[in-house]
Amino acid sequence: MKHQKKKVAINGFGRIGRAILRSLLDHRAGDLNVVAINDIADIELCAHLLEYDSVYGPLGRDVRVEGPNIAVDDQRIRFTQSDTLLGLDLSDIDIVLECTGKANTEEFASRGLKAGAKRILISGPSDAAETTLVLGANDAALADQKILSNASCTTNALAPLLKVLDDAYGVQTGHMTTIHCYTGSQPTVDAPRGDFARSRAAALSMVPTTTSAMRLMSKVLPHLDNKIVGCAVRVPTAAVSAIDLTVQLRDPPTIDELNQVFANQSGVIGTTVKPLVSSDMQTRPESIVMALPETHSTEAGLIRVFGWYDNEYGFSNRMIDVAMKM
């Protein structure tokens, strides 16, 4: 029997929505079938931003507008321009990839269901989700939920790493810093954003701030809640972030032993032994790529590990993976 690809709609064609489609076009064409895109922006602009990207470069495919469709090579994707899904017919859609960043309420998150879609996967934290899922951390939590959250990019990087450490050696306590590239939530020039530090120009300073990953740990790995604390520093780069984690383990390993555990992982955790920088890690599909030369320990058994993650591209690949499993 021929496998039927799931039909998906992308609601919100911003950084994550476009990265999902790019990944499907470039490397994962057989996984999902994107048949619809909805965004409040003009179709010509959305097509242009898909074809030309300041971070990832030109798509290298024939992108054009054909009536109500965005066409990529011989694939036509129907495009709608609505600030709500309620007036649309999504009865042919298996999963809505909810990428607007606004699905924080049950009313908003469930609009795709009311329009006829079978399930919703939200590309970020959401109190409206029945479950927050992070592959490599709490995979078993996936059931028949109608509305699911894929957590945040940093949670997708941190939680699988902590699970590996906890399963192998027992995590007692620790501190995480995410060295995070700037995002669209920050201004390009000084402008009020509520938080004083986050109101400063994103590309001109390192900005200390918070991370939602700490709040989400209680949902993803509840037994480690309050054992790990963390913060973020937004830095003047446009893509790729890093996790700098220091932990106290119940049974501290040697550096070589720990690096071998990382090297034995596959899927969401990758490794590198090369002296790479952040720009080298663009379009890496893993949730986190451990930099093995950066593993250190003290005589007292305090362990420091460091890993890179492309916070857009890697996270978008997890959206694809979770959608396939739903």
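Residue numbers count from 1 along this sequence.
A ring pair (Phe, Tyr, Trp, His ring centres under 6.0 Å) check over residues 307-326, counting only residues at least two apart or in different chains, returns the pairs Y56-Y313, F306-W308.
For N226 (side chain) and L224 (main-chain N/O), no donor-acceptor pair under 3.5 Å exists by modelled atom type. Side-chain N or O atoms of R193 include none that pairs as donor or acceptor with a backbone N or O of Q186 at under 3.5 Å. Remark: the backbone N or O of I20 is not paired with any side-chain donor or acceptor of S23 at under 3.5 angstrom. A donor-acceptor pair is defined here as one N or O able to donate and one able to accept, closer than 3.5 Å; such a pair exists between the side chain of T272 and the backbone of K274.
Atom CG of L216 and atom OG1 of T154 lie 9.5 Å apart (nearest 0.5 Å). Rounded to the nearest 0.5 Å, atoms CZ (R198) and OG1 (T183) are 6.0 Å apart. For the atom pair CZ of R304 and OG1 of T298, the computed distance is 13.0 Å after rounding to the nearest 0.5 Å. Once rounded to the nearest 0.5 Å, the distance linking NE2 of H180 with CE of M206 reads 16.0 Å. Atom OG of S123 is separated from atom CD1 of I16 by 6.0 Å, given to the nearest 0.5 angstrom. Remark: L86 CG to R111 CZ distance equals 5.5 Å, nearest 0.5 Å.
Residues K325 and D321 are not paired through a salt bridge, judged by the lack of any N-O separation under 4.0 Å between the basic side chain and the carboxylate. Ion pair K118/D94 flagged as a salt bridge, since at least one NZ, NE, NH1 or NH2 atom sits closer than 4.0 Å to an Asp/Glu carboxylate oxygen. Under 4.0 Å is where a charged nitrogen must lie from a carboxylate oxygen, and between D166 and K227 no such pair does.
What you find for R234 and S185 is that their closest heavy atoms are NH1-OG, 3.8 Å. Contact between G14 and D39 at its shortest, heavy atoms only, is N-OD2, 4.3 Å. Taking every heavy atom of both residues into account, S205 and P236 meet most closely at O-CG, 3.6 Å.
Scored by the ring-ring contact (aromatic ring centres under 6.0 Å, His included) test, H48 finds Y52 as partners (sequence neighbours excluded). D42 pairs by the salt bridge (charged side-chain N to carboxylate O under 4.0 Å, His left out) definition with nothing, not counting sequence neighbours. Applying the salt bridge (charged side-chain N to carboxylate O under 4.0 Å, His left out) rule to E66 yields the partners R64, R76; only residues at least two apart in sequence or on another chain are considered. Among residues two or more places apart in sequence or in another chain, the ring-ring contact (aromatic ring centres under 6.0 Å, His included) test is passed with F79 by none.
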task: Let me see the working for D127 and K219 under salt bridge (charged side-chain N to carboxylate O under 4.0 Å, His left out), right down to the final yes or no.
output: CA-CA 11 Å; D127 292 334; K219 297 182 178 182; 3.5 Å; yes

message: Walk me through whether D92 and R78 qualify under salt bridge (charged side-chain N to carboxylate O under 4.0 Å, His left out).
response: CA-CA 12 Å; D92 62 330; R78 73 176 186 261; 3.0 Å; yes

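Both I288 and L133 are assigned to one and the same hydrophobic cluster, defined by single-linkage of ILVMFWY side chains at heavy-atom distances under 4.5 Å. Cluster membership check: I255 does not share its hydrophobic cluster with L292, using side-chain heavy-atom separations under 4.5 Å among Ile, Leu, Val, Met, Phe, Trp and Tyr. Under a hydrophobic-cluster definition in which Ile, Leu, Val, Met, Phe, Trp and Tyr are linked whenever side-chain heavy atoms come within less than 4.5 Å, directly or via other members, V96 and I320 are assigned to different clusters. Side-chain heavy atoms closer than 4.5 Å link hydrophobic residues (I, L, V, M, F, W, Y) into clusters, and following such links, possibly through other members, connects L59 to F13.
Put simply, the side chain of N150 does not reach to within 4.5 Å of the side chain of L135, judged on heavy atoms. With contacts defined as side-chain heavy-atom distances shorter than 4.5 Å, the pair V305/M290 qualifies. A heavy-atom distance below 4.5 Å is found between the side chains of I77 and Q75. Under the 4.5 Å side-chain criterion, counting only non-hydrogen atoms from C-beta, C181 is not in contact with V240. For the pair L21/I37, a side-chain contact is recorded, criterion being any heavy-atom separation below 4.5 Å from C-beta on.
In summary, the side chains of T177 and D244 do not present any donor paired with an acceptor at a separation below 3.5 Å, with no hydrogens or angles considered. Checking D310 against Q282 by side-chain atom types alone, no donor-acceptor pair falls below 3.5 Å. Between the side chains of D256 and Q260, not a single donor N or O lies within less than 3.5 Å of an accepting N or O.
The hydrophobic cluster of V189 has no other members, since no ILVMFWY side-chain heavy atom comes under 4.5 Å of it.
Enclosure of atom CD1 in I40 is not indicated, since only 12 or fewer non-hydrogen atoms of other residues, nucleotides or ligands lie within 6.0 angstrom.
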